Amino acid sequence: MEFESGNSQLLSKIATSDQHGENSPYFDGWKAYDNDPFHPTQNPRGVIQMGLAENQLSLDLIEEWIKKNPRASICNGEGLHAFKNIVLFQDYHGLPQFRNGVAKFMAKARGGRVSFDPDRIVMAGGATGANEMLMFCLADPGDGFLVPSPYYPAFNRDLRWRTGVQLLPVMCQSSNNFQITKQALEEAYQNAQKANIKVKGVILANPSNPLGTTLDRTTLRSLVTFINDKQIHLVCDEIYAATVFGGPSFISISEIIEEMESINRDLIHIVYSLSKDMGLPGLRVGIMYSYNNTVVNCGRKMSSFGLVSSQTQHLLASMLSDQEFTDKFVLENCTRLANRHEMFTQGLEEMGIRCLKSNAGLFCWMDLRHLLKEPTFESEMSLWRVIISDVKLNVSPGSSFHCCEPGWFRVCFANMDDETVKVALGRIRMFVGQRKDVEVQVKKSWHRNLRLSFSSLIYDETMASSPRIMSPHSPLVRATT
Amino acid sequence: MKPISAKHRKDRKGISVFTQPGKRFQTESHLCLASPAKQNHHLKLHETTPSLATSKPSVLCGQSLSPPPGRLLRRDTQATHMTRNPSPEPKESTRNPTRTGMRLIVPLQGVVQGRGGLILGSLIPCALFYFLQFYLKRHRSPPSNPPSQSPSAANLSELPRSSSRANLLARGSTGRANLSARATSIAKPNDSPYYIGLDRVREDPYDEIDNPDGIIQLGLSENRLSLDLIEDWVSQNLTDLKLGVGSQALGLSGIATYQPMDGLMEFKVAMADFMTEVMGRTVSFDPSRVVLTSGATPALEILSFCLADQGNAFLVPAPYYPGFDRDIRWRTGVELIPVHCRSCDNFTLSITALEQTFNQAKKRGHKVRGILISNPSNPVGNLLNRDTLYDLLDFARERNIHIISDEIFAGSTYGNEEFVSMSEIVDAEDADKDRVHIIYGLSKDLSIPGFRVGVIYSYNENVLAASRKLTRFSSVSSLTQQILVSMLSDKRFIQEYIKTNRQRIRTMCDLFVAGLRELGVECTKSSGGLYCWVDMSRLISPYNEKGELDLWDKLLNIGKINVTPGSACHCIEPGWFRFCFTTLNEKEIPVVMERIQKVVESCKPSV
């Protein structure tokens, strides 16, 4: 950073503000991981990334398909002009076959109970871009969107940063398994009105990130009734639709509005992407699907700011049109996710750690309330720092999801192989075991510093098991101990 | 009936980017769901209509200083609020002339303060207002519009327009506004003939065999001349093994999973090398300053988001690329103030004009945050010489503003003139670099617009840091990056490609210019870009924007060629057109010339 401070004043508020949110703990954890990433052989003591909701369980299926269909990825093979047309194709409507493919896949991910109109599919730069685009279309700077908490931390950045929209959390409690209640919605809405904020809609992720649960029919119906009564928008982020691995089955908002007749469809918008369901975040495919014509038309023009490469469109068009492959993929992917979820939560349960019962997503919502010294967010933060720096797992604390109760953590389990999961479980087991010892010790000797003693125990363990070196420590460790 | 009518009005005003067959949404299908919000939406369509109708003439008259869009927008929103009154109808009719009048007078005051005196100041608005009324009269009522003449006329239906209003009134007050002001103003960028023309081509594209009477596309700066080279390379080099997919070492997980949003490091390196190659190896680019985006469009927008706050302004030498209005102004709220270049200077930028515009903008309360230049210029095709670039840098330094240099056509230069990149000047100066930012992309020079690769190259660390984060909304597909890494790293191929491509553009340009000359039509001397800037001012009548648009309409509907009229590029002189010639092959030139000739001849008697 070799420039005079005088000049940075010349930049915009967007460039200089903190709105990107990368100073939140959620990103601190990532930094800790980046400084010292786990590798089974090269860095077995490194931090294991459990803060990234990435699905690597079924990549081999996709790789296999690409190998079988090499021409799809390099866009040639369908006659002489195919290549030229793909390379030059920059129409923001998207390749027709691509939109057809996506529409079919979206239907498949929802059990085939609904169908989607390819002409309503608008491309965006990932779900991130799709969410932002919807905010640009639906709200003006200063307007508010209700969002049930806990919610995906990057919403704060994606939805607010450039659009100037405000997010107003709707508090959900552990007492009813974080379900969205009508009272909570109503309360948040009234509070916003009192604060003189114009509420433009509700945005939520279904299946929920971080909870990993799906909304039931009653909740969805009451949500739709709520937004329809208030005449505000409903944005359903359904990017985890095909990760539902257990019952009850996933119900998309598109199913609900088919059932409910007297509602205004212009208020319903869906965000989709292939990043989670197919595990292809690198391809940056985000989809905005709206039942509102004006929004579709407006979004289409905005998609110029985040078009999907025609090469990638072409590849995905062929892949998603291969019904046999997608059928197999969705099924197999769910099975693998179910197994992984089972393995992980079972492992946790054996140590007395419970997770919120979930049936979807690439993560679980882990309850560590019993490990907090006191039920405060400070306490959650210090526990989290111990987990990052000593247990060496990058998990995400509930506070970064705007959860209103301390002691919950999101743990991702699909971005690693079985071995790594075992290592992670081993570390947690060690931690919980020592924690119990520590508790006993604390009872015996009142003045011992809990965290220090814990650290020293870990040190012992490392020394004992690996005579070579201690793993390098991230700056966070130094900062907290 | 009601929604149909709303749609009908919408189409008439030329918001017809969605007129692709089968893609337009027929509001009729949702008739059963009519409810307050839906009405609201239609209501707003109505509300935007008057402002749309007036927006064109306001460009016409206040061309030298078009009214700040921000203000217009606010006024539109006010209008929307007003309709919540129980009886919007009478208000609308009285409001209309006052609003347009204001819109004219405000910018004209600027003109007057700048140059004229009291007499001009009172005369011009009156005269222009009269013309405006005249223009409106001609263009407002659909019966006087023969369906075959206007480009969007094909979309008109013969339904009565008032039925929706009656419905709206019956429902009474309709709650709050539904969509954002941005969504409501979508009509704005697309009532430009630039977009209308592009849509027409999409509906009825020329094909030598299948559709010989279709419209020939000369309005899109797309390079089809050297695609065979790229295709050859792909078929020779790109087997599945090289994709990184089949190779055991990398595997798909190295591509398909989350990658850095601002681009793979290997791609940045390859891109920096390519830029160096394209700019004639006079400068070297640092890969760590490269930020990759999905096309130059988001690159420009991201840069604007970083450099300016809503309501701030950039100075732009005009004529300028029509897409700037959408790319920069729409979502950021940044305003573009044209710095007019004239035919007597061969449309080169003069620092005096720049200074003048800057001072005027300042007087009118604009906060100017930067200058946006395109070099080689789009649509003129000329280059900025070294001296001008130095002057520009001095100017920016004195006023403490940024320079954005859009050099997306740097590799498509073909004349004898030397192309000088802004980065060369900055390197030589070695001071005060952090106000300079370069936009680049592969859509023009490598003719792969479909792959969506744009570049922000900035000398400012803060801008780099912010734009890297902002690329999360518009990053490049990693699979595409992977393919391009191997293509750009093939140095021999790239050198060969750039050389051949330049030759081909030059040949095409020579043929095209010669063809036009035979018809008695001249172009400005151009050295870069995929187009030429054609002077047809002698063929237009009257000598103003209306005459120009009439000729454009003739070219589109009689000549069946889509070109970009100067007014869409904010050119101050009427009668200039941008003709892109790289979408053609040599065989097609006579066809195009024949079509132009037809139009030229039809114009002559009236001159």
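Lettering follows sequence order; numbering is per chain, from 1. Given the structure is predicted, the values throughout are model-derived calculations rather than measurements.
Looking only at heavy-atom pairs under 4.5 Å with chain B, the residue among Gly286(A), Ala130(A), Gly282(A), Gly125(A) that has the most is Gly282(A). Contact count versus chain A (heavy atoms, under 4.5 Å) is highest, among Ser294(B), Ala299(B), Cys306(B), for Cys306(B). If you tally non-hydrogen atom pairs under 4.5 Å between each of Leu95(A), Asn415(A), Asn55(A), Asp158(A) and chain B, the highest count goes to Asp158(A). Top candidate by heavy-atom pairs under 4.5 Å with chain B, chosen from Gly201(A), Gly306(A), Pro281(A), Gly129(A), is Pro281(A). Ranking Arg224(B), Glu222(B), Arg472(B) against chain A, the residue ahead of the rest is Arg472(B), based on heavy-atom pairs under 4.5 Å.
The closest side-chain heavy-atom distance from Trp161(A) to Phe473(B) is below 4.5 Å. Between Arg452(B) and Gln313(A) the shortest side-chain heavy-atom distance does not fall below 4.5 Å. Looking at Ser275(A) and Tyr258(B), their side chains come closer than 4.5 Å, going by heavy atoms from C-beta outward. For the pair Arg162(A) and Ile302(B), the minimum side-chain heavy-atom distance is below 4.5 Å. In this structure, Leu10(A) and Leu307(B) have side chains that are not in contact, with every pair of non-hydrogen atoms separated by 4.5 Å or more.
For a residue to count as touching a neighbouring chain, one of its non-hydrogen atoms must lie under 4.5 Å from one of that chain's; by this rule Val463(B) touches chain A with backbone and side chain alike. For a residue to count as touching a neighbouring chain, one of its non-hydrogen atoms must lie under 4.5 Å from one of that chain's; by this rule Leu300(B) does not touch chain A. Using a 4.5 Å cut-off between heavy atoms, Asn131(A) makes no contact with chain B at all. At a 4.5 Å heavy-atom cutoff, the contact between Lys276(A) and chain B is made by side-chain atoms alone. For a residue to count as touching a neighbouring chain, one of its non-hydrogen atoms must lie under 4.5 Å from one of that chain's; by this rule Leu470(B) touches chain A with backbone and side chain alike. Looking at Asn312(B), there are no atoms closer than 4.5 Å to chain A (heavy atoms on both sides), in backbone or side chain. With a 4.5 angstrom heavy-atom cutoff, Leu315(A) touches chain B only via side-chain atoms.
One side chain, Thr312(A) or Ser477(B), offers a donor N or O that lies under 3.5 Å from an acceptor on the other.
With rounding to the nearest 0.5 angstrom, the CG atom of Leu307(A) is 8.0 Å from the OG1 atom of Thr297(B). The line from CE of Met133(A) to CZ of Arg331(B) is 7.0 Å long, rounded to the nearest 0.5 Å. Expressed to the nearest 0.5 Å, how far CZ of Phe451(B) lies from OG of Ser310(A) amounts to 5.0 Å. With values rounded to the nearest 0.5 angstrom, Ser467(B) atom OG is found 12.5 Å from Ile14(A) atom CD1. The CG atom of Asn223(B) lies 8.5 Å from the CG atom of Leu88(A); values are rounded to the nearest 0.5 Å. We find the OG-CZ distance between Ser12(A) and Arg369(B) to be 7.5 Å, quoted to the nearest 0.5 Å.
The two residues Val476(B) and Arg284(A) come nearest to each other via the heavy atoms O-CG, 4.1 Å.
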